[in-house]
Amino acid sequence: MAPSMTSMEASIGNESKVASIKTLADSAALTSVPSEYTYTKNPNDMGDANDPEHSIPIIDFALLTSAYPDQRAQMIQKLGRACQEWGFFQVINHGVPESLMEAMVDACQRFFELPEEEKKEFQTRNLLDPIKCGTSFNVAIDKVRLWRDYLKVSLEFSKRTRAVATEILSGISESLGLESDYIAKAMNWDRGLQILAANYYPACPQPDLAIGIPPHTDHGLVTLLIQNDMCGLEVKHNDKWVLVNSAPGSFIVNVGDQMQILTNDKYKSIWHRATVNNTATRISIAVPHGPALDTPTLPIPELLEREGETAKYIGMTYEKFMELQASPAAYMVPCLDHLRVKDN
Ligand SMILES: O=C(O)CCC(=O)C(=O)O
Ligand SMILES: [Fe+2]
């Protein structure tokens, strides 16, 4: 079973003992993937980069927030379909300057290029520390080390990203036939957790034998992601891995586990993974947005009543859910399955 994990990892182990993947990849002597990093992919399980039918839907943010009700209604419908059929979509015309996005990627690159000694200060053990960096996922429990380093931090970019996420959440609420602020209110969005996680994937001499991030779902409500000019994100759609090609300056957005719980499985938290390549470093910046930590997530009663369904999940606070997802238990069974009501 693939490990279930998130971009917001626990760092319980002593990561300072393990060199960053950058240090390893930079070493002139490296010509193959060391055994601790060797990740076996099923050859039939490769992403299909050239299948034109397999590209994630595009949501035009300008139309989603349009003052013309017809334009907005049409985009809300498209958003609902994207959440239901893909769990992933690309957001264009969102108003966050491309220069700010590029500056963010550059700043992260500069951070990863700092001497290891300087980065050590941020290798903390605590899940919710405001700035932390490290390598792999959790080196204390990883069975295979990941071909990536990460940095988590909060900045101006996060504010602008949050504004886009808030509008997407309103659109999702409406696509479910609810008031636009229904989910935000139910999830205490104004106190909700937002994390910025930058991932650094250096070129790898044998990309088929390593993995940046293995298949996982994200734990929050929605995640917004940007990347430099290298692709590598793959999304599981209709049992096939689809390579995500995003337009420059767009956000890639995906539904997370809390949204799947709220919608009683209508909107799916989709499995995705980050592959690596042998030509250039890839940087991605994922910004997961979740409920307030003390807020329990449960299927929305109005939706259950309307669909004549019973709740498929028991409630759990977001904080407990994140702890569960960072624990070894999530390596065995995907987190959502721990909360699933039996007989469903
Ligand atoms: O690098 C990517 O494209 C994927 C990152 C991701 O899935 C995550 O940080 O949760
Ligand atoms: Fe993810």
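Bear in mind that the values here come from a model prediction, so they are computed numbers and not experimental data. We count residues from 1, following the sequence as given. Remember, it's 1-based here, ligands and their atoms both numbered in the order they're listed.
Closest approach of Lys119 to Leu114, counting heavy atoms only: CE-O, 3.3 Å. Closest of all the heavy-atom pairs between Ala19 and Thr135 is O-CG2, 3.9 Å.
In this model, a donor atom of one side chain and an acceptor atom of the other lie less than 3.5 Å apart for Tyr313 and Asp265. A donor-acceptor contact under 3.5 angstrom links the side chains of Gln90 and Ser250, judged on distance only. Neither side chain, Asp294 nor Thr317, offers a donor N or O lying under 3.5 Å from an acceptor on the other.
No more than 12 heavy atoms of other residues, nucleotides or ligands sit less than 6.0 Å from atom CD of Gln74. Annotation for Glu179: atom CD does not count as buried by contact number, only 12 or fewer foreign heavy atoms lying within 6.0 Å.
The atom of Asp218 that is an N, O or S and sits closest to the Fe ion (ligand 2) is OD1. If you look at His272 and ask which of its N, O or S atoms sits nearest the Fe ion (ligand 2), the answer is NE2.
Of all the atoms in ligand 1, the ones that sit under 4.0 Å from a non-hydrogen atom of His272 are 7 (O). When each atom of ligand 1 is checked for a heavy atom of Asn199 under 4.0 Å away, the hits are 1 (O), 5 (C), 9 (O). Of all the atoms in ligand 1, the ones that sit under 4.0 Å from a non-hydrogen atom of Ala274 are 1 (O), 2 (C). Of all atoms in ligand 1, numbered sequentially from 1 with element shown, those under 4.0 Å from a heavy atom of Ala286 are 9 (O). Atom numbering of ligand 1 starts at 1 in the shown order; those under 4.0 Å from a heavy atom of Leu225 are 2 (C), 3 (O), 4 (C), 5 (C).
Taking a 4.0 Å cut-off on heavy atoms, Arg273 fails to register as neighbouring ligand 1. Proximity of Arg282 to ligand 1 is established by a heavy-atom distance of less than 4.0 Å. Using a 4.0 Å heavy-atom cutoff, Tyr201 is listed among the residues neighbouring ligand 1.
Contacts with ligand 1 closer than 4.0 Å are made by no heavy atom of Thr223, backbone or side chain.
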CA sep, side-chain torsions, deciding dist, call: His272, Asp218, side-chain contact (heavy atoms from CB on, under 4.5 Å): CA-CA 9 Å; His272 54 284; Asp218 289 351; 3.2 Å; yes

